[in-house]
Each structure stands twice: as C-alpha cells, then as structure tokens.
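Written out below as structure tokens is the structure these notes cover.
The figures that follow rest on heavy atoms only: side chains count, while hydrogens, waters and symmetry mates do not.
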Amino acid sequence: MLSLKNLSKRFGGVVAVDGVDLEVAAGEVHALIGPNGAGKTTLIGQISGSLSSDSGAISFLGVDITRAKPHDRVRAGLARSYQITSIFRRFTVLDNLALAVQARSGSSFSFWRPVAAETALFDEARALASQVGLSGRTNAVASTLAHGEQRSLEVGLALATRPKLVLLDEPMAGMGPEESNRMIGLIGRIRAQVAVLLVEHDMDAVFRLADRISVMVNGRLIATGSPEKIRMNEEVRKAYLGDELAA
C-alpha cells in the first residue's frame with residue numbers, strides 16, 4: 001500500500017531521515033518506534049506531504065506521490081493525526097466531525113441546500129462519533145473534552161476523509177492507563193477498515209497492536225519485523241527497548 005524508497009530529509013547540517021526504505025501492507029498495523037529525535041515525526045511529515053523530501057520516492061497504492069500536495073494525498077486516501085492535538089476547539093464534537101465530512105464530500109452549508117443533504121452529513125458525523133467512542137458527547141464543545149477524548153475526536157476527523165491508510169503520530173501521548181486502553185481499543189477497531197502506520201512510545205500498546213514493527217534510530221531504520229523478532233533483536237534492545245522487554 002505504501003512504499004518508501006531511499007527517503008531522506010536534511011535540516012541544515014542535521015540528517016533527520018537518512019535513506020529510509022519502508023513498506024506498509026494493506027490491512028496491517030505497522031508501528032514505527034525509536035528514541036526521541038530518531039526522525040519518526042519527520043518521516044510522517046514527509047509521507048503526509050507537510051514536509052518535502054530531499055531525495056527518495058514515496059509510492060501510495062502504486063502511484064508516485066513524492067511531490068504531491070498534502071490535500072491531494074488526503075484525496076488519494078492518506079490521512080494523519082498529530083503529536084499535538086489538532087481539532088476545532090470552539091465547536092462541538094458533532095460540528096467538528098460534520099466539517100470534516102463536508103470537506104471530504106465537497107458540500108457546503110447553505111440555507112437553500114436540500115435539508116436531506118445536510119441530514120446525511122450529520123448522520124455520517126454521528127456514526128463517526130459512535131465509532132470513536134464519543135456518541136454520548138456529540139453536543140460537548142471540543143475544548144471541554146478530556147485529553148483522551150480529544151485524541152479520539154482527532155482520529156474521527158481523520159476517519160471522516162475515508163482513508164485507506166491513516167498515520168497516527170503518538171496518539172497515546174499524555175494519556176493515563178485508562179485512556180490508553182480506550183485508544184488501543186479504538187485502533188483495534190479501525191484496523192478492520194484501514195491500514196495504520198503508528199508512531200508510539202507506549203511499548204505495551206505497540207506490542208499489543210502491531211503486525212510489524214520498524215525501529216528508527218538516528219534517522220535510519222535498524223530493523224523491521226514481527227513484534228517477537230523485534231523484542232528479541234539485540235541491536236534494538238541496546239538502542240531502544242532495553243533488557244526489560246526481552247523477557
């Protein structure tokens with residue numbers, strides 16, 4: 001589904017991403033892990049189009065999107081969330097999701113549009129709210145939601161674009177155990193309809209969710225494989241996981 005070939009990104013004298021080759025298959029949760037500063041978020045930015053690449057190629061569903069604009073990538077089926085929650089904080093949950101559905105469908109709110117058209121828009125927004133566990137919070141203003149609920153809403157905004165692959169950048173950042181478990185459950189549910197590239201530091205979540213794991217250190221991928229192979233990889237243990245996860 002997604003293929004990166006020799007992808008690189010430099011900021012001045014710092015090489016943030018250094019010749020990365022990576023593939024994400026249809027239907028899988030592929031986790032990208034590594035220490036802070038490894039280049040993971042830079043790589044997600046390159047895939048989503050918010051950052052240009054200095055060299056290499058990105059292919060999505062067999063089409064070269066290396067130079068494609070971010071909105072064209074979204075239309076092609078590639079969506080993302082961010083490390084810092086990005087939602088419409090002054091709007092309700094339902095209005096957040098309705099706006100995302102509207103953006104995808106190309107419709108616009110107006111007084112002379114058929115009522116049925118707007119009803120369908122909000123029906124889809126309510127279905128998305130239910131999917132991300134916010135069916136009881138549709139009338140809540142987004143800024144009043146708990147942190148974990150805001151992160152779930154952001155996933156809902158991504159799903160509103162009807163993606164084929166969603167990039168989740170540390171969706172469990174700042175969460176307690178209960179909120180993390182809810183997010184793990186949400187990702188477990190959406191994997192039935194979309195592939196997921198997951199950047200995450202919560203190793204419990206990673207090993208529970210991932211079909212495959214890639215490990216990034218100093219801008220380079222040092223290993224890719226099943227969770228069990230990554231857990232037992234000596235180089236990965238030394239560079240990132242530590243001995244406590246080898247048991």
Hey, mind stepping through Leu153 and Val132 against side chain to side chain contact (heavy atoms under 4.5 Å, CB included) and telling me if it holds? CA-CA 7 Å; Leu153 176 57; Val132 299; 5.9 Å; no

Within-4.5 Å side-chain heavy-atom neighbours: [X] and [Y]:
| X | Y | value |
| --- | --- | --- |
| Met172 | Ile187 | yes |
| Val74 | Leu78 | no |
| Asp202 | Ser180 | yes |
| Leu94 | Phe122 | yes |
| Asp21 | Leu4 | no |
| Arg126 | Leu97 | no |
| Ile33 | His201 | no |
| Asn6 | Val20 | no |

Calculate, to the nearest 0.5 Å, the distance between atoms [atom1] and [atom2] belonging to [X] and [Y] respectively.
| X | Y | atom1 | atom2 | value |
| --- | --- | --- | --- | --- |
| Leu209 | His30 | CG | NE2 | 13.5 Å |
| Thr161 | Arg73 | OG1 | CZ | 14.5 Å |
| Glu178 | Met183 | CD | CE | 13.5 Å |
| Leu128 | Ser152 | CG | OG | 12.5 Å |
| Thr92 | Asn139 | OG1 | CG | 6.5 Å |
| Ile222 | Asn233 | CD1 | CG | 6.5 Å |

Does [Y] offer a backbone N or O that forms a donor-acceptor pair with the side chain of [X] under 3.5 Å?
| X | Y | value |
| --- | --- | --- |
| Lys164 | Ala79 | no |
| Lys9 | Val15 | no |
| Ser48 | Gly45 | yes |
| Gln150 | His147 | no |
| Gln193 | Ile190 | no |

Run Asp72 and Lys69 through salt bridge (Lys or Arg N to Asp or Glu O under 4.0 Å) and show every step you take. CA-CA 5 Å; Asp72 289 328; Lys69 296 183 183 300; over 6 Å; no

Test side chain to side chain contact (heavy atoms under 4.5 Å, CB included) applied to Val17 and Met216, step by step: CA-CA 9 Å; Val17 174; Met216 196 169 187; 3.9 Å; yes

Looking at [Y] and [X], is there a salt bridge between them, counting it only when a charged N and a carboxylate O are closer than 4.0 Å?
| X | Y | result |
| --- | --- | --- |
| Asp18 | Arg220 | yes |
| Glu235 | Lys238 | no |
| Arg80 | Glu154 | no |
| Glu23 | Lys5 | yes |

Would you mind telling me which of Leu221, Val215, Leu198, Leu168 makes a side chain to side chain contact (heavy atoms under 4.5 Å, CB included) with Leu32? Leu221

Under a 3.5 Å cutoff, is there a donor and acceptor pairing between the side chains of [X] and [Y]?
| X | Y | value |
| --- | --- | --- |
| Ser59 | Ser3 | no |
| Asn181 | Arg208 | yes |
| Asp54 | Ser8 | no |

Do you know the tightest heavy-atom contact between [X] and [Y]?
| X | Y | result |
| --- | --- | --- |
| Ala98 | Ala125 | N-CB, 3.7 Å |
| Gln102 | Leu121 | CB-CD1, 3.8 Å |
| Ala142 | Asn96 | CB-ND2, 3.7 Å |
| Gly56 | Thr66 | O-CG2, 3.6 Å |
| Ala158 | Pro163 | O-CD, 3.4 Å |
| Gln46 | Ser53 | NE2-OG, 2.9 Å |

Let me see the working for Arg191 and Asp211 under side chain to side chain contact (heavy atoms under 4.5 Å, CB included), right down to the final yes or no. CA-CA 11 Å; Arg191 69 183 300 166; Asp211 299 298; 2.6 Å; yes

Start with the C-alpha gap between Arg162 and Glu124, add the side-chain angles, then the distance that decides, and say whether salt bridge (Lys or Arg N to Asp or Glu O under 4.0 Å) holds. CA-CA 11 Å; Arg162 294 185 181 174; Glu124 184 172 346; 3.3 Å; yes

Which residues pass the ring pair (Phe, Tyr, Trp, His ring centres under 6.0 Å) test with Phe11, sequence neighbours left out? none

Consider only side-chain heavy atoms of I, L, V, M, F, W and Y, link residues closer than 4.5 Å, and tell whether [X] and [Y] are in one cluster.
| X | Y | answer |
| --- | --- | --- |
| Val14 | Leu43 | no |
| Ile58 | Leu51 | no |
| Phe91 | Val141 | no |

May I have the step-by-step check of side-chain hydrogen bond (donor to acceptor under 3.5 Å, both in side chains) for Ser214 and Thr224, ending in yes or no? CA-CA 4 Å; Ser214 292; Thr224 293; 2.7 Å; yes

Before giving the answer on side chain to side chain contact (heavy atoms under 4.5 Å, CB included), spell out for Phe88 and Asp95 the whole-Å C-alpha distance, their side-chain angles and the decisive distance to 0.1 Å. CA-CA 9 Å; Phe88 302 105; Asp95 286 341; over 6 Å; no

Quick check on Asn218: does its CG atom have over 12 non-hydrogen neighbours (other residues, nucleotides or ligands) under 6.0 Å away? no

Tell me, please, whether Phe207 has Arg231 positioned over its six-membered ring: NZ or CZ under 6.0 Å from the ring centre and within 45 degrees of its axis? yes

